Amino acid sequence: KVYAGLGRIAERRGELSLAIGYYEKCQRTTASPELLGETQLRRAHLLAETARAAEAQLVLNEILESKGGSSLLKARALFETGELLMKAGEPRKAAAYYERIYVAYGKYLEWVARAYWRRGQALEELSMGKEALEVYGELAGRDDLQGFDEAKMAVGKVKKLKGEGGNSS
């Protein structure tokens, strides 16, 4: 726990390399699956922020392949993987990761809303306006997601894409 705390402090101070080091030490010394998963996720996020995407993906893969860890942690790891792929210019692959969140981890509504939104954006980037319109339409139409900003933004996207015939971004 000490290393995780030191990692958070270093992260808040903007000392990302130091934070990554503390999170690595935490991973080697902790027995708590919850703390391990959270520090892995933070470490992956910081690795991505410091242009170490390949290392970040390895950490995210560890989370996704582990038998332990919560389903919420796995949903968040899928989202982070999608974000990495978007930054790498691979929206088609990213869209699949985002979709997995709302198909497999539907009880985490915050992440479901984010995943719908980012999948719609990925599809738009691929000039798949019709498919993006479907995704935004589902997001805007789900009663359980109405409290999230993404659902509100999706209403505007639906109107915009319908006005364009759903064919462009």
Side-chain angles (χ1 to χ4, degrees), residues 1-30 32-128 132 135-136 139 145 148-151 153-154 157 169:
K1 283 188 173 185
V2 171
Y3 288 125
L6 290 170
R8 285 190 292 275
I9 291 167
E11 190 176 344
R12 272 187 247 129
R13 291 182 177 167
E15 299 172 16
L16 303 187
S17 293
L18 184 60
I20 290 168
Y22 282 129
Y23 289 143
E24 286 172 352
K25 286 180 183 177
C26 181
Q27 284 180 243
R28 288 192 300 268
T29 60
T30 189
S32 165
E34 295 83 19
L35 184 59
L36 175 62
E38 191 59 40
T39 55
Q40 281 180 299
L41 197 57
R42 289 303 316 145
R43 183 171 155 238
H45 183 77
L46 294 179
L47 286 167
E49 280 189 19
T50 56
R52 295 164 63 184
E55 290 176 73
Q57 190 57 63
L58 289 174
V59 175
L60 292 169
N61 287 345
E62 286 175 17
I63 295 169
L64 293 171
E65 293 168 5
S66 74
K67 296 204 185 315
S70 70
S71 55
L72 174 58
L73 183 69
K74 292 189 188 287
R76 291 172 59 200
L78 286 171
F79 190 86
E80 286 290 332
T81 300
E83 295 294 278
L84 276 178
L85 290 166
M86 288 294 282
K87 287 178 187 169
E90 299 188 55
R92 185 174 309 278
K93 288 181 182 177
Y97 279 89
Y98 296 132
E99 184 178 33
R100 283 176 60 190
I101 295 167
Y102 56 83
V103 169
Y105 300 99
K107 69 181 179 177
Y108 303 110
L109 298 180
E110 173 187 357
W111 295 99
V112 168
R114 289 180 182 188
Y116 267 115
W117 178 254
R118 291 297 283 152
R119 182 163 187 258
Q121 291 179 315
L123 293 169
E124 281 190 277
E125 198 169 304
L126 292 164
S127 298
M128 299 173 72
V135 170
Y136 291 133
L139 173 55
L145 300 178
F148 297 96
D149 290 341
E150 291 85 356
M153 294 185 298
K157 279 288 193 177
S169 54

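Remember, it's a predicted structure, so these values are computed and weren't measured experimentally.
Applying the side chain to side chain donor-acceptor pair (under 3.5 Å) test to E99 and every residue at least two apart in sequence or in another chain returns nothing. With sequence neighbours excluded, the residues that form a side chain to side chain contact (heavy atoms under 4.5 Å, CB included) with Q40 are Q27, L36, V59, E62, I63. Residues satisfying the side chain to side chain contact (heavy atoms under 4.5 Å, CB included) test with A132, not counting sequence neighbours, are L123, E124, Y136, L161. Contacts of A122 classified as side chain to side chain contact (heavy atoms under 4.5 Å, CB included), with partners at least two apart in sequence or in another chain: M86, P91, A95. The salt bridge (Lys or Arg N to Asp or Glu O under 4.0 Å) test applied to E55 returns R52, not counting sequence neighbours. Annotation: side chain to side chain donor-acceptor pair (under 3.5 Å) contacts of R114 (sequence neighbours excluded): E110. For Y97, there are no ring pair (Phe, Tyr, Trp, His ring centres under 6.0 Å) partners two or more places apart in sequence or in a different chain. Among residues two or more places apart in sequence or in another chain, the side chain to side chain donor-acceptor pair (under 3.5 Å) test is passed with Y108 by S71. Every residue two or more places apart in sequence or in another chain was checked for a side chain to side chain donor-acceptor pair (under 3.5 Å) with E15, and none qualifies.
For residues 60-95, the pairs satisfying ring pair (Phe, Tyr, Trp, His ring centres under 6.0 Å) are F79-Y98, F79-W111, with sequence neighbours left out. Residue pairs satisfying the salt bridge (charged side-chain N to carboxylate O under 4.0 Å, His left out) criterion with at least one member in residues 87-96, sequence neighbours excluded, are listed as follows: E90-K93. Screening residues 69-80 for salt bridge (charged side-chain N to carboxylate O under 4.0 Å, His left out) gives E38-R76 as the qualifying pairs, with residues at least two apart or on separate chains.
The shortest non-hydrogen separation linking I101 to A75 is CD1-O, 3.6 Å. The two residues A94 and G82 have their closest heavy-atom pair at CB-O, 3.4 Å. Among all heavy-atom pairs drawn from S70 and L73, the shortest one is OG-N, 3.0 Å. Between A48 and L84, the closest heavy-atom pair is CB-CD2, 3.4 Å.
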Checking V112 against L139 for the side chain to side chain contact (heavy atoms under 4.5 Å, CB included) test, could you report, in this order, the C-alpha distance in whole Å, the side-chain angles of both residues, the deciding distance, and whether it holds? CA-CA 9 Å; V112 168; L139 173 55; over 6 Å; no
I would like to know whether R118 and E83 meet side chain to side chain contact (heavy atoms under 4.5 Å, CB included); could you show each step before the answer? CA-CA 9 Å; R118 291 297 283 152; E83 295 294 278; 2.7 Å; yes
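Interatomic distance, CG of L58 versus CG of L47, reported as 9.5 Å (0.5 Å rounding). For the atom pair L16 CG and E49 CD, the distance stands at 6.0 Å (nearest 0.5 Å). Put simply, CG on L46 and OG on S17 are 9.0 Å apart, with the number rounded to the nearest 0.5 Å. Note: R43 CZ to T39 OG1 = 8.5 Å, rounded to the nearest 0.5 Å. For the atom pair CG (L78) and CG (L64), the distance works out to 5.0 Å, reported to the nearest 0.5 Å.
For the 3.5 Å distance criterion, the side chains of R100 and Y105 fail to qualify, holding no donor opposite an acceptor.
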